[in-house]
Amino acid sequence: MTAVQTQLSSSAPACLADVREVVRQRWGYNSFRPLQQEAIESVLAGRDSLLVLPTGGGKSLCFQAPACCLPGVAIVVSPLIALMKDQVDALTANGVSAAFYNSTLSAAGRRRVVEDLRADKLSLLYLAPESLLTDQLLTLLASINISMFAIDEAHCVSSWGHDFRPEYRGLKVLRQRFPGVAFHAYTATATERVQQDIVAQLKLSDPEVLIGSYDRPNLSYQVAQRNNGLNQILEVIGRHPSGSGIIYCITRKDVESTTAALEALGHRVVAYHAGMDEQARRQNQEAFLTEEVEIMVATVAFGMGIDKSNVRYVIHAAVPKSLEAYQQESGRAGRDGLKAECCLFYSGGDFAKWRILMQKSGEGESGELAALEGIEQFCSTPRCRHQLLVEHFGQALDQANCQACDVCLGQFDEVDQPLIVAQKILSCVARLEQQYGADYTSQVLAGSQEQRILQKGHNRLSTYGLLSDHTRTTIRHWIDQLVAQGFAKRVGEYQQLHLTDLGWQVLKGERTPVLNQAKPSAHANPSNSKPLPASTSAAFVYFARQESLDDVAAKLGRAKSTVGGYLEQFIRHEQITDPTPWVEPAIIQRVQQAIAAVGNERLKPIFDHLAGEVPYELIRIVASCRANEVGE
Ligand code: ADP
């Protein structure tokens, strides 16, 4: 009999030395990570606790190891049904007696678990709240010996958290039904408000609250405006040729087009989103975890509870919905403690997209919109990213320069004369009578000739074209920075810019904001002088393989006419002169004859000359190739 088994069968109360021994023998670890010992001591003392440790901090060990030493079974509540089997398999492989009970088990499988529980054979039982809170289960648990309740992903109980799950609210009944059992809550992300909510909702009694450091010094952060989505992603992947990485997109459609584009470029990649069936999701997850493929492209449906320690980069191809979500999702990089990078590519449109999604789902009222502003500030504030992240969770960072984010590594230049630039912007907001959003305002400042601006006579404003030396994207970025620093705010459904008191002080010259812009070399893709939008880049990959218009339209889920436009851009970009991959030879000949007759300047005369028998998208393709040929 091993030492551990001797201790387990002894009736003396378990102590820390027992747990150390179990950890050494079953997990092979010789030391604890920060706060693990304190958390384990709370469990051994039977005192309620709340442990907040960043992803990868080692929360599971804090209940799994003592559960092996305490009499009875530990009930682990987790929302992650899909991962329970893996978690239980990993424990079983370490020689720990564990089981899960959920809808994926057969009737016989469930019966076996119940028998094992009655026979006191299990150290841990994993359950989702909806299984636990059935009368049948509650009655069964009341008849056996329970060592503790471990509530994993405890932030799910709070509507202030980033992943509120109403079924978690039901857990409060456990306290009454099991008055003598201690409750331990575990989460990776909880602001102070969420922490208080967890304590209140789960009715924790005088809990030991243990909060780990939120900083992840081995992660480097880079935030850039998205100007050429796919190429920006490829650049990051290129820095980790055989490393594992996760790419997060907002929508399923974006997941699919990004996956297809990366696959077409020869990357080993799988997708994951809630629209896929259970089996496909499981297969893809396995392929990523076992390193059959390097890249996972996913919506936020992927990742919670995933134990893959060597993820070298996490890319957000669009903004996440809150800083909590960002901390959690980007935190999946570098759990092994080695260097890893987190890149966030955002655009103003992402925020609008989230606002619409939140309003549709009715979440807009529960603090979600405020949370979105947090990430908006993170994107546009020229301050250390590590600092901003830990401050959001109520902590501070000691060092002034983290040496691990784009701001501290000097990838931005401070703008010369920020007061004057800010005054130009804010006075334009005032001249527009605070009726317009950031995009429109930046167009006016850039001196755009857009129809809407001319129609409204805004080209006659004194502030029109005041910043015409700069791109609209740069001006837009400055506006975001002014909002982030409180000099203006966005109001109402249309996010119109309003000046704040601080903003008026800038106009009077009483305050000076900090404004910066990316250095010309930073965040740029050196190999591509003409940036392309993401959807176009994805289409280009297919066109390069000479795939037909119909096929590409189907793969991208876009109209044929839209994809025809991408193809025209591709033909011009690549200076292609031969339309045969996309148009039948007989039609090419007819269009060329029509061009010879009526010229290549406008499409309509060609269309008419062909008696409307050849669709515009085909005429466009032939005409673009012809234009390349004659050097137009
Ligand atoms: P969390 O649930 O906090 O995200 P996990 O419990 O999944 O983190 O642990 C993250 C990784 O760290 C796992 O691979 C785990 O085996 C490992 N780990 C946990 N505790 C220790 C320790 N004391 N020493 C070494 N590795 C540990």
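When reading the values below, keep in mind they use all heavy atoms of this one structure, side chains included, and skip hydrogens, waters and symmetry mates. Here the structure is a predicted model, which means the values were calculated and not measured. Both counts, for ligands and for their atoms, begin at 1 and track the order of listing.
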Note to self: Considering both backbone and side-chain atoms of Ser31, is one of its nitrogen or oxygen atoms within less than 3.5 Å of a nitrogen or oxygen in ligand 1?
What the structure shows: yes

Item checked: Ligand-residue contact atoms, ligand 1 with Gln36, heavy atoms, under 4.0 Å -> 19 (C), 20 (N), 21 (C), 22 (C), 23 (N)

Check: Nearest protein heavy atom to atom 11 (C) of ligand 1, by residue and atom, and its distance?
Finding: Arg33 NH1, 3.9 Å

Check: Side chains of Cys343 and Tyr313: closer than 4.5 Å at any heavy-atom pair?
Finding: no

Notebook entry, point to check: To which of Ala65, Gly28, Ser60 does the heavy atom nearest atom 5 (P) of ligand 1 belong?
Noted result: Ser60

Check: Starting from atom 4 (O) of ligand 1, which protein heavy atom do you reach first, and at what distance in Å?
Finding: Gly56 N, 2.7 Å

Margin query: Could you tell me, atom by atom, which parts of ligand 1 come under 4.0 Å of a heavy atom of Arg335?
Written below: 1 (P), 4 (O), 5 (P), 7 (O), 8 (O), 10 (C)

Check: How many angstroms lie between CD1 in Ile237 and CZ in Arg312, if you round to the nearest 0.5 Å?
Finding: 15.5 Å

Notebook entry, point to check: Are any of the side-chain heavy atoms of Asp406 and Arg385 separated by less than 4.5 Å?
Noted result: yes

Check: What residue and heavy atom of the protein are closest to atom 17 (C) of ligand 1, and at what distance?
Finding: Tyr29 OH, 3.5 Å

Note to self: Checking a contact table here: which protein heavy atom is nearest atom 14 (O) of ligand 1, and how many Å away?
What the structure shows: Asp307 OD1, 3.4 Å

Checklist line | Whether over 12 other heavy atoms sit under 6.0 Å from Glu192 CD | finding: no

Margin query: If you measure every N or O of Gly58 against every N or O of ligand 1, does any of those distances drop under 3.5 Å?
Written below: yes

Check: Under 6.0 Å between ring centres, would you say that holds for Phe100 and Tyr126?
Finding: no

Checklist line | Gly57 near ligand 1 by a heavy-atom separation under 4.0 Å | finding: yes

Notebook entry, point to check: Considering only protein heavy atoms, which is closest to atom 3 (O) of ligand 1, and at what distance to one decimal place?
Noted result: Lys59 NZ, 2.7 Å

Check: Do the side chains of Pro166 and Phe164 get nearer than 4.5 Å, heavy atoms only?
Finding: yes

